[in-house]
Amino acid sequence: MIANTLPHVDSALQEIADKVYNGQRISDTDGLYLFEHASLAFVGALGNHVREQKHGDITYFNRNFHIEPTNACIYSCHFCSYSKLYAHRDEAWELSLQQMMDIVKNMIMIR
């Protein structure tokens, strides 16, 4: 039991942590409780423990990116502060194919 090593953590979170540290699967209910009550640092520590148990000190990262070819838009979403309406296209920007390819090449070069 690791309850003594987790000060200021409620008993339900301690029980979940005990499951993780003992190599047991957590339930959907446990996962929901973590989502609703645990700090990001707490969940991250549990996840890191599982990663270290499975893979040692080896970590892999997946880097995703996307290209926004323009901010000119035909829609008028009330929540968007990013796009320029098509009527104000002169205020918008648009990337050329070469500019987009340069972005891809730069992302490939960065390792």
Side-chain angles (χ1 to χ4, degrees):
M1 182 159 179
I2 63 167
N4 295 337
T5 63
L6 299 172
H8 310 297
V9 173
D10 71 48
S11 61
L13 289 176
Q14 290 176 355
E15 289 178 22
I16 294 169
D18 287 340
K19 282 184 183 180
V20 171
Y21 276 79
N22 289 321
Q24 300 170 350
R25 288 189 70 88
I26 63 172
S27 68
D28 292 344
T29 303
D30 293 336
L32 182 59
Y33 194 85
L34 283 171
F35 178 75
E36 292 177 340
H37 299 282
S39 69
L40 181 59
F42 185 84
V43 175
L46 294 179
N48 187 58
H49 173 77
V50 172
R51 179 192 62 81
E52 287 179 350
Q53 293 302 303
K54 290 184 173 205
H55 307 291
D57 199 28
I58 298 171
T59 303
Y60 297 95
F61 295 93
N62 181 23
R63 182 176 40 185
N64 294 317
F65 76 100
H66 67 276
I67 298 172
E68 296 287 349
T70 184
N71 69 341
C73 185
I74 61 171
Y75 301 106
S76 58
C77 304
H78 296 292
F79 58 85
C80 183
S81 62
Y82 168 73
S83 71
K84 295 293 179 186
L85 291 176
Y86 209 74
H88 300 282
R89 190 176 173 89
D90 57 320
E91 299 172 15
W93 50 261
E94 186 173 314
L95 298 178
S96 68
L97 181 58
Q98 185 58 52
Q99 288 171 315
M100 289 185 279
M101 292 305 295
D102 289 343
I103 291 170
V104 171
K105 288 175 188 174
N106 285 333
M107 287 303 294
I108 291 171
M109 296 299 221
I110 299 172
R111 291 186 179 218

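Position 1 is the first residue of the sequence; numbering continues from there.
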| field | Those residues that, when tested against Ser96, pass side chain to side chain donor-acceptor pair (under 3.5 Å) (two or more places apart) | value | Gln99
| Can Leu13 be reached from Leu32 by stepping across I, L, V, M, F, W or Y side chains whose heavy atoms are under 4.5 Å apart? | no
| If you round to the nearest 0.5 Å, how far is CE of Met107 from NZ of Lys105? | 15.0 Å
| By side chain to side chain contact (heavy atoms under 4.5 Å, CB included), which residues pair with Ile103, not counting sequence neighbours? | Phe65, Ile67, Leu95
| Who passes side chain to side chain donor-acceptor pair (under 3.5 Å) against Glu15, sequence neighbours left out? | none
| Those residues that, when tested against Ser11, pass side chain to side chain contact (heavy atoms under 4.5 Å, CB included) (two or more places apart) | none
| Verify same cluster id: Tyr33, Leu40 (apolar side-chain graph, 4.5 Å) | no
| Can you pull the salt bridge (Lys or Arg N to Asp or Glu O under 4.0 Å) pairs that have at least one residue in residues 23-46, sequence neighbours excluded? | Lys19-Asp30
| field | Side-chain donor or acceptor of Asp10 paired with backbone N/O of Ala12 under 3.5 Å | value | yes
Using a 3.5 Å cut-off and no angle test, enumerate the donor-acceptor pairs between side-chain atoms of residues 45-52 and protein atoms at least two apart in sequence or in another chain.
unit_1 : atom_1 : unit_2 : atom_2 : d
Asn48  : OD1    : Arg51  : NE     : 3.2
Asn48  : OD1    : Arg51  : NH2    : 2.7
Asn48  : ND2    : Glu52  : OE2    : 3.2
Arg51  : NH1    : Gly56  : O      : 3.3
Arg51  : NH1    : Ile58  : O      : 3.2
Arg51  : NH1    : Thr59  : OG1    : 2.8

| request: Could you walk me through whether Gln14 and Asp18 pass the side chain to side chain donor-acceptor pair (under 3.5 Å) test, one step at a time? | output: CA-CA 6 Å; Gln14 290 176 355; Asp18 287 340; over 6 Å; no
| query | Which atom pair, heavy atoms only, marks the closest approach of Phe42 to Ala38? | reply | CD2-CB, 3.7 Å
| said: Run the side chain to side chain donor-acceptor pair (under 3.5 Å) test against His66 and tell me which residues pass, sequence neighbours left out. | reply: Glu68
| Co-members of Phe61 in a cluster of I, L, V, M, F, W and Y side chains, linked at under 4.5 Å | none
